Amino acid sequence: MPSRNLLFINGPNLNLLGTREPHIYGSTTLPDVEAAAKQQAASLSISLATFQSNHEGAIVDRIQAARDEGVDAIVINPGAFTHTSVAIRDALLGVGIPYVELHVSNVHAREEWRRHSYFTDKAVAMVCGMGGSRVHGGY
Ligand SMILES: O=C(O)[C@]1(O)C=C(c2cccc(Sc3ccccc3)c2)[C@@H](O)[C@H](O)C1
């Protein structure tokens, strides 16, 4: 049975998306990203819930709640928690919901420390944008 009930989670500072560093994170705001995702999901008869928090524990709580909601899959941009949060990793593995790790920027074309993720090894897929790549004037 294909996924029909998705949850899109965005981590810390992504509520400011589109307001600064457009050369890395683009100029589209998070509400616009979420609206476009919901529209696309609806066109595929998929239910998409969205959640953004700057707080690690709130993200853990949201992931845990997803299991009781019958969420089939999670798309998560952990933001800076990508590189630090065993707690969010454990929550994802604990609920047993498959997830896709998503990044706006090309984390592999940026600082060395951004290349480590606590999520990629257990993700169904990992998707990166090209923000921050040299081709886009990144550092
Ligand atoms: O590229 C991403 O999506 C990423 O997950 C997002 C991140 C991130 C970090 C800080 C702010 C923002 S969003 C933003 C950008 C510019 C101004 C304000 C907020 C995203 C990074 O911490 C991660 O290393 C990479």
Side-chain angles (χ1 to χ4, degrees):
M1 179 66 146
S3 297
R4 284 285 176 264
N5 189 5
L6 301 185
L7 173 59
F8 181 23
I9 297 175
N10 281 282
N13 296 302
L14 285 156
N15 55 306
L16 301 177
L17 198 61
T19 63
R20 298 189 202 98
E21 295 184 285
H23 63 292
I24 296 177
Y25 298 105
S27 55
T28 306
T29 66
L30 184 60
D32 289 342
V33 169
E34 291 175 334
K38 287 187 175 182
Q39 186 175 16
Q40 179 67 14
S43 73
L44 299 169
S45 301
I46 293 172
S47 164
L48 178 71
T50 60
F51 179 77
Q52 186 279 328
S53 180
N54 298 326
H55 307 285
E56 187 177 36
I59 293 172
V60 167
D61 290 345
R62 187 64 189 88
I63 291 168
Q64 291 182 0
R67 180 172 58 178
D68 298 335
E69 294 168 6
V71 169
D72 301 303
I74 292 172
V75 177
I76 183 166
N77 184 340
F81 288 148
T82 303
H83 319 294
T84 64
S85 184
V86 176
I88 296 174
R89 172 195 171 95
D90 285 348
L92 288 166
L93 299 182
V95 297
I97 299 174
Y99 66 88
V100 171
E101 178 186 354
L102 172 69
H103 297 288
V104 176
S105 70
N106 180 350
V107 292
H108 293 288
R110 302 179 65 193
E111 303 93 332
E112 179 68 31
W113 54 268
R114 291 193 203 268
R115 298 180 186 176
H116 174 262
S117 165
Y118 279 100
F119 301 90
T120 311
D121 64 316
K122 295 292 187 183
V124 169
M126 193 264 224
V127 179
C128 273
M130 292 303 287
S133 301
R134 292 191 183 285
V135 69
H136 292 278
Y139 40 82

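Start at 1 and go down the list; that is how both ligands and their atoms are numbered. Quick caveat: nothing in here was measured; it's all calculated off a predicted structure. Computed from heavy atoms alone, side chains included, the values below leave out hydrogens, waters and symmetry copies.
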Where ligand 1 meets [X] - atom numbers and elements under 4.0 angstrom, heavy-atom basis:
| X | answer |
| --- | --- |
| R114 | 21 (C), 22 (O), 23 (C), 24 (O) |
| A80 | 22 (O) |
| N77 | 2 (C), 3 (O), 4 (C), 5 (O) |
| H83 | 23 (C), 24 (O) |

- Message: Has D72 got a side-chain atom pairing as donor or acceptor with N5's backbone, closer than 3.5 angstrom?
- Response: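 Yes, the answer is positive, given that a donor and an acceptor are paired below the 3.5 Å cut-off.
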- Task: Could you tell me whether the side chain of Q52 and the main chain of I9 form a donor-acceptor pair under 3.5 Å?
- Result: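 It does not hold such a pair.
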- Query: So Y99 and F119, would you call those rings parallel, tilted or perpendicular, with 30° and 60° as cut-offs?
  - Reply: perpendicular
Shortest protein contact, [atom] (heavy atom only):
| atom | value |
| --- | --- |
| atom 1 (O) of ligand 1 | S105 OG, 2.5 Å |
| atom 25 (C) of ligand 1 | V107 CG1, 3.7 Å |
| atom 2 (C) of ligand 1 | V104 N, 3.4 Å |
| atom 19 (C) of ligand 1 | N13 O, 3.2 Å |
| atom 18 (C) of ligand 1 | L16 CB, 3.5 Å |
| atom 16 (C) of ligand 1 | R20 O, 3.2 Å |
| atom 9 (C) of ligand 1 | Y25 OH, 3.5 Å |
| atom 4 (C) of ligand 1 | H103 ND1, 3.7 Å |

- Query: Of I88, N10, L7, L102, which meets side chain to side chain contact (heavy atoms under 4.5 Å, CB included) against I76?
  - Reply: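 So, applying the side chain to side chain contact (heavy atoms under 4.5 Å, CB included) to I76 and each of I88, N10, L7, L102, only I88 qualifies.
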- Give a yes or no on this: more than 12 heavy atoms of other residues, nucleotides or ligands lie within 6.0 Å of atom NE2 of H55. no
- Do F51 and I59 touch side chain to side chain, with heavy atoms closer than 4.5 Å?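 Side chain of F51 against side chain of I59, heavy atoms only: contact under 4.5 Å found.
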- Query: Between T82 and E101, is any pair of side-chain heavy atoms under 4.5 Å apart?
  - Reply: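 The answer is yes; the side chains approach within 4.5 Å.
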- State, to 0.1 Å, how close H116 and H83 come at their nearest heavy-atom pair, and which atoms those are. O-ND1, 2.8 Å
